[in-house]
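First the structure, in the form of structure tokens, and then the observations on it.
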Amino acid sequence: LVAFAVAFSWEAWESEKAAQLRQLSEVAELGARSMDSYFRHLEIELQVLSLDLNDGHGRIEPERAYHLLLRFGKYHPDLRDAAIVGIDGRMLASARAPPGAPLPGAAGLPGFSRLREALLHGQSLGIGRAVPGRTDKEWLIPLAYASRDAQGKLRYLICASLPLAQWQSFWEGAAPAQGRTLGLQLDDGDLVSRHPLPANAELEGAYAAPWSGALADAERLLVSRRLAHYPLSFHASVPASNLHAAWWARMRYPCLLLALLLAGGALACRWTQKRQLAWEAERERGERESRELNRELARRVEELEATKLEIESFSYCVAHDLRTPLRGIDGFAYQLRKDYGEQLGESGRAYLDRIRAASQQLGVTMDELHKLSETELHAFKPEAVDLSVLAREVVAGLEANGRRNGLEWVIAEGIRAEGDIRLLRLVLHNLLDNALKFTRGHATARIEFGLWPESRDGKPVYFIKDDGVGFD
């Protein structure tokens, strides 16, 4: 029973874990595709802007560049600080500075140096880790597009910034599961964005250095998918406590049932031990009282009394003590299936059905054992018995439980025998009831009781014959 419980618990754990990972995989796959599509769209928009800026000679005309950057910002309100920067770090145009106004150096642009290095190594769109802005300290995700000449040489960079708060607000609705974390991380470990941050983490500490463990701030289940066109990975994770809670929700009722079974077994064992001690005490007491009698007679009487006590105790146990917990098991299993069947699932309901069927079968077995014990305790009283009349009485009792159409009883007349009428009635009841069961599937059936024409070893042979299923 314990081994089964361990195996069932392990299977439930692995099943819940697989379900959690499957959900995380779907979220991560969808998130990675969405982020990749977003950046691809943004790269195309920046490419169009680069083509508009190109005057055919690779030069930037300030007036025209300023208006193009303003138009770009109008169509992309989610971006900040659109600017054109040369590879030497000198700012060539900015949406914030009209033509003729002094332009700041690009050294102050968030993440400029690292973005320039990435574009010099062949990337078309560079994405940096989140950094605080230069003026209002708004946290931004720096972006840079590489404008190249016909030979593929980098001419200048088109830079912009994406507010971190905008992504945070979007992800607030995209991570509804309790404790679920979504994040975007560069291949070098730098964190681009994460929602939500741990309660004890601040923005400066979260984005200032690479994160170890792929966004893991505690024991978590995590699934990662890399973007198809950019050096970024999308992460989705949930706390391991979610898995524990889901596993316990599935296992608590089976565990409760197991505890009840173990407790019942312990009580039964304890009861048996007490009964054994009582039997031993009774045996010793009987030995002390019978020492004055003839040793042989005392031994026989003692064996007979001990056997009778054991049979009576067993009969009482089956009829009373064991029936109450058995009804409790069947009743609680029924109530558990009725009240919580939908939560247990198909396999759980099947287990409860098997428990109920086994307990009901055990009840039938106990009834038969009780009848057998009563029969053995009954003194044998031989007498002349009319088996034909006795068989009709048994048939009448069987039909009292429900008469079946199409069933024919054939009972021969005048069949007599000598024996204990109580035992003979029990034999006929069991055999006729068995024949009734084996003919249940027939629309028309015939059950016959009679005397075999030939005797065997000088003794009459009686038979009960039916046309139902079974052996010939």
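Keep in mind that what you see is a predicted model, and the values were worked out from it rather than measured.
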Exercise. Is it the case that more than 12 heavy atoms not belonging to Tyr334 sit under 6.0 Å from its OH atom?
Worked result: no

For this session: Spell out, as yes or no, whether a donor-acceptor pair under 3.5 Å connects the side chain of Ser15 to the backbone of Glu11.
Result: no

Problem set entry | Test log, rule salt bridge (Lys or Arg N to Asp or Glu O under 4.0 Å), inputs Arg446 and Asp467 | CA-CA 6 Å; Arg446 176 185 175 93; Asp467 58 355; over 6 Å; no

Exercise. Within a strict 4.5 Å, meaning less than it, do heavy atoms of the Leu42 and Leu162 side chains meet?
Worked result: no

Exercise. Of all residues at least two apart in sequence or in a different chain, which pass the salt bridge (charged side-chain N to carboxylate O under 4.0 Å, His left out) check with Glu383?
Worked result: none

For this session: Run through Asn434, Val427, Leu432 and flag the one making a side-chain contact (heavy atoms from CB on, under 4.5 Å) with Ile464.
Result: Leu432

For this session: Verify, without hydrogens or angle tests, whether Ser388 (side chain) and Ile415 (backbone) share a donor-acceptor contact under 3.5 angstrom.
Result: yes

Seminar exercise, completed: Looking only at heavy atoms, the pair that brings Leu344 and Arg349 closest together is CB-N, 4.3 Å

For this session: Could I get the full list of ring-ring contact (aromatic ring centres under 6.0 Å, His included) partners for Tyr462, not counting sequence neighbours?
Result: none

Seminar exercise, completed: Taken in chain and number order and not counting sequence neighbours, the residues that satisfy ring-ring contact (aromatic ring centres under 6.0 Å, His included) with Phe72 are His76

For this session: Report the C-alpha distance between Leu125 and Leu46 in whole Å, list the side-chain angles of each, state the deciding distance to 0.1 Å, and finish with yes or no for side chain to side chain contact (heavy atoms under 4.5 Å, CB included).
Result: CA-CA 9 Å; Leu125 180 65; Leu46 290 171; 3.8 Å; yes

Problem set entry | Over all atoms of both residues, closest heavy-atom pair of Ala236 and Val27 | CB-CG1, 4.0 Å

For this session: Give a yes or no on whether the backbone of Lys459 and the side-chain of Asp457 come within a donor-acceptor separation of less than 3.5 Å.
Result: no

For this session: Apply the test side chain to side chain contact (heavy atoms under 4.5 Å, CB included) to residues Leu336 and Leu352: give CA-CA distance (whole Å), side-chain angles for both, the deciding distance (0.1 Å), then the verdict.
Result: CA-CA 8 Å; Leu336 183 61; Leu352 290 178; 3.7 Å; yes

Seminar exercise, completed: Heavy-atom closest pair (His429 atom, Val394 atom, distance to 0.1 Å) is CA-CG1, 3.5 Å

For this session: Using modelled atom types only, decide if a donor and an acceptor are shared between the side chain of Ser37 and the backbone of Ser34 within a distance under 3.5 Å.
Result: no

Exercise. Going by heavy atoms in the side chains, are Trp139 and Pro163 under 4.5 Å from each other?
Worked result: no

For this session: Decide yes or no for Arg114 and Glu117: does some side-chain heavy atom of the first lie under 4.5 Å from some side-chain heavy atom of the second?
Result: no

Exercise. Any side-chain donor paired with an acceptor under 3.5 Å for Trp409 and Glu448?
Worked result: no

Exercise. CZ/Arg354 to CZ/Arg356 distance, rounded to the nearest 0.5 angstrom?
Worked result: 15.0 Å

For this session: Write out all pairs satisfying salt bridge (Lys or Arg N to Asp or Glu O under 4.0 Å) with one or both partners inside residues 24-39, taking only residues at least two apart or from two chains.
Result: Glu29-Arg33, Glu29-Arg225

Problem set entry | Nearest-0.5 Å distance that lies between atom CG in Asn242 and atom CD in Glu16 | 11.0 Å

For this session: Could you tell me which non-hydrogen atom of Ala333 sits nearest to which non-hydrogen atom of Ile355, and how far apart they are?
Result: CB-CG2, 4.2 Å

Exercise. Would a 4.5 Å heavy-atom cut-off, applied to side chains only, mark Gln276 and Gln273 as touching?
Worked result: no

Seminar exercise, completed: For His244, the ring-ring contact (aromatic ring centres under 6.0 Å, His included) test, sequence neighbours excluded, returns Trp13

Exercise. Can you find a heavy atom in the side chain of Leu24 that is under 4.5 Å from one in the side chain of Leu222?
Worked result: no

For this session: Could you tell me the separation between the CG atom of Leu428 and the CG atom of Leu426, rounded to the nearest 0.5 Å?
Result: 9.5 Å

For this session: Could you tell me whether a side-chain N or O of Ser25 sits under 3.5 Å from a main-chain N or O of Leu21, the two making a donor and an acceptor?
Result: yes

For this session: For the pair Asp420 and Lys381, evaluate salt bridge (Lys or Arg N to Asp or Glu O under 4.0 Å) and give the outcome as yes or no after the intermediate values.
Result: CA-CA 5 Å; Asp420 189 306; Lys381 297 180 180 180; over 6 Å; no

Seminar exercise, completed: Closest non-hydrogen atoms of Gly128 and Ile141, given as atom of the first, atom of the second and distance, are O-CG2, 3.5 Å

Problem set entry | Ile447 side chain near Glu408 side chain, heavy-atom distance below 4.5 Å | no

Problem set entry | Nearest-0.5 Å distance that lies between atom CG in Leu182 and atom CZ in Phe234 | 4.5 Å

For this session: Please say whether more than 12 non-hydrogen atoms of neighbouring residues, nucleotides or ligands are located less than 6.0 Å from CZ in Arg283.
Result: yes

Exercise. Tyr253: what forms a ring-ring contact (aromatic ring centres under 6.0 Å, His included) with it, not counting sequence neighbours?
Worked result: Tyr340

For this session: Can you see which heavy atom on Arg129 is nearest to which on Pro142, and at what distance?
Result: O-CD, 3.2 Å

Problem set entry | Residue pair Phe39, Leu232: steps toward the side chain to side chain contact (heavy atoms under 4.5 Å, CB included) verdict | CA-CA 11 Å; Phe39 286 126; Leu232 295 165; 3.7 Å; yes

For this session: Output the distance between atom CD1 (Ile127) and atom CE (Met35), rounded to the nearest 0.5 Å.
Result: 10.0 Å

Exercise. Can any side-chain N or O of Trp247 pair as donor or acceptor with the backbone N or O of Glu14 at less than 3.5 Å?
Worked result: no

For this session: Take Ser233 and Asp187 through the side chain to side chain contact (heavy atoms under 4.5 Å, CB included) test and state the conclusion after the steps.
Result: CA-CA 7 Å; Ser233 295; Asp187 288 351; 4.1 Å; yes

Exercise. Just wondering, do Ser237 and Leu221 contact through their side chains at under 4.5 Å, heavy atoms?
Worked result: no

Problem set entry | Gln185 and its side-chain hydrogen bond (donor to acceptor under 3.5 Å, both in side chains) partner, picked from Arg226, His235, Arg194 | His235

Problem set entry | Exceeds 12 heavy-atom contacts within 6.0 angstrom, atom CD of Glu280 | yes

Problem set entry | Nearest-0.5 Å distance, OG1 of residue Thr444 to CG of residue Leu407 | 9.5 Å

